Amino acid sequence: MSLVQLIYVSTAVEELPAPKLEAILESSVRHNREHGVTGMLLYAQGSFMQVLEGEEAAVDETYGRICQDPRHHQIILLTRDPVARREFASWSMGYKHLGDADFRQNPDIARLFGNEAGTPSPDGADASIALELLRQFANSQR
Ligand code: FAD
């Protein structure tokens with residue numbers, strides 16, 4: 001039994017209104033609960049960042065399904081690493097919609113997300129920044 005943690009960013013094919021985001025979240029929670037996957041999803045200005053963690057096979061199957069989803073594209077895998085323990089164990093899928101105040105307070109958000117974002121690269125540096133952002137928002141919801 002080996003645990004992995006995977007982080008990706010992606011771009012929504014259109015600015016998603018609340019009901020469409022809620023539909024994504026509803027099916028995420030339902031499936032993740034069933035497969036023992038935990039994590040956190042951030043959405044900002046048409047971009048997603050998500051961390052998935054759980055048993056390797058379950059995380060890979062879930063990520064494979066997510067990659068086929070026509071509601072987003074330009075999916076960039078930032079990291080997929082073995083981990084000793086879960087960091088987001090409380091959530092089948094935590095969720096936060098980032099607003100203007102979040103962008104103003106943290107320049108890393110603009111770097112990795114939304115209209116101003118360059119192309120995040122899976123070189124390790126962006127993965128660390130992404131993980132730190134996900135931790136911050138998870139802690140703020142505890
Ligand atoms: P349903 O949710 O009932 O959807 C049926 C099919 O229709 C799916 O193929 C779905 O892709 C497609 N679909 C549904 N609504 C729309 C729509 N409005 N427009 C176009 N196609 C649509 N799933 C997880 O299990 N865990 C996750 O953590 C997770 N995170 C996600 C993060 C993002 C950013 C996105 C975009 C999707 C995520 N999903 C996640 C959803 C995943 O991609 C699959 O859609 C879902 O797991 C399929 O669930 P389902 O078979 O119950 O189908």
Side-chain angles (χ1 to χ4, degrees), residues 1-103 106-142:
M1 301 247 283
S2 55
L3 282 178
V4 295
Q5 184 183 66
L6 179 158
I7 301 175
Y8 73 86
V9 289
S10 68
T11 307
V13 292
E14 54 174 350
E15 268 282 345
L16 292 170
K20 291 194 175 180
L21 289 167
E22 281 158 19
I24 289 173
L25 204 56
E26 182 279 321
S27 83
S28 302
V29 169
R30 180 162 40 86
H31 281 276
N32 295 350
R33 197 170 282 155
E34 191 178 325
H35 295 103
V37 172
T38 52
M40 174 110 198
L41 176 67
L42 303 179
Y43 177 74
Q45 297 185 356
S47 294
F48 293 103
M49 177 185 291
Q50 188 173 32
V51 56
L52 300 169
E53 56 187 20
E55 290 300 327
E56 194 169 15
V59 168
D60 289 344
E61 187 278 328
T62 301
Y63 180 62
R65 201 155 13 87
I66 292 170
C67 286
Q68 301 298 318
D69 195 311
R71 290 169 284 190
H72 66 161
H73 60 162
Q74 295 168 355
I75 300 166
I76 301 171
L77 181 63
L78 293 181
T79 180
R80 178 195 175 284
D81 282 330
V83 286
R85 60 176 186 84
R86 292 174 193 254
E87 291 195 61
F88 301 86
S90 317
W91 293 280
S92 297
M93 191 44 60
Y95 174 71
K96 176 138 169 87
H97 189 155
L98 307 186
D100 292 346
D102 296 303
F103 275 77
N106 191 335
D108 287 336
I109 295 175
R111 237 178 62 66
L112 291 179
F113 267 109
N115 300 329
E116 297 166 44
T119 305
S121 74
D123 65 0
D126 283 342
S128 302
I129 295 168
L131 180 58
E132 201 42 53
L133 276 179
L134 288 153
R135 281 180 184 143
Q136 273 175 31
F137 288 111
N139 285 333
S140 72
Q141 301 200 347
R142 278 198 170 100

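Everything numeric here is computed off the predicted structure, so don't read it as measured data. Whatever order the structure lists ligands and atoms in, that order sets their numbers, starting from 1.
Listed by first then second residue, pairs satisfying salt bridge (charged side-chain N to carboxylate O under 4.0 Å, His left out) with a partner in residues 47-64 read Glu56-Arg80, Asp60-Arg80, Glu61-Arg65, not counting sequence neighbours. Pairs passing the salt bridge (charged side-chain N to carboxylate O under 4.0 Å, His left out) check and including a residue from residues 36-48, sequence neighbours excluded, do not occur. Residues in residues 25-34 take part in these salt bridge (charged side-chain N to carboxylate O under 4.0 Å, His left out) pairs, two or more places apart or across chains: Glu26-Arg30.
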Output, or 'none' if empty, a list of ligand 1-protein atom pairs in which both atoms are N or O and the distance is under 3.5 Å, rounded to 0.1 Å.
from     : atom 1 : to    : atom 2 : distance (Å)
ligand 1 : 2 (O)  : Ser27 : OG     : 3.4
ligand 1 : 11 (O) : Asp69 : OD2    : 3.3
ligand 1 : 15 (N) : Arg71 : NH1    : 3.2
ligand 1 : 25 (O) : Arg65 : NH1    : 2.8
ligand 1 : 26 (N) : Asn32 : OD1    : 2.8
ligand 1 : 28 (O) : Asn32 : ND2    : 3.0
ligand 1 : 28 (O) : Gln50 : NE2    : 2.9
ligand 1 : 30 (N) : Ser28 : OG     : 3.2
ligand 1 : 30 (N) : Gln50 : OE1    : 3.3
ligand 1 : 30 (N) : Gln50 : NE2    : 3.2
ligand 1 : 43 (O) : Asp69 : OD2    : 2.7
ligand 1 : 45 (O) : Asp69 : OD2    : 2.9
ligand 1 : 45 (O) : Arg71 : NH2    : 3.0
ligand 1 : 47 (O) : Arg65 : NH1    : 2.6
ligand 1 : 49 (O) : His31 : NE2    : 3.0
ligand 1 : 52 (O) : Arg30 : NH1    : 3.1
ligand 1 : 52 (O) : Arg30 : NH2    : 3.4
ligand 1 : 52 (O) : His31 : NE2    : 2.8

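In this pair, Tyr43 and Phe48 present their aromatic rings tilted. The plane angle is within the 30 to 60° band.
Glu87 CD to Leu134 CG: the interatomic distance, rounded to the nearest 0.5 Å, is 9.5 Å. Put simply, CG on Asp102 and CG on Asp100 are 9.0 Å apart, with the number rounded to the nearest 0.5 Å.
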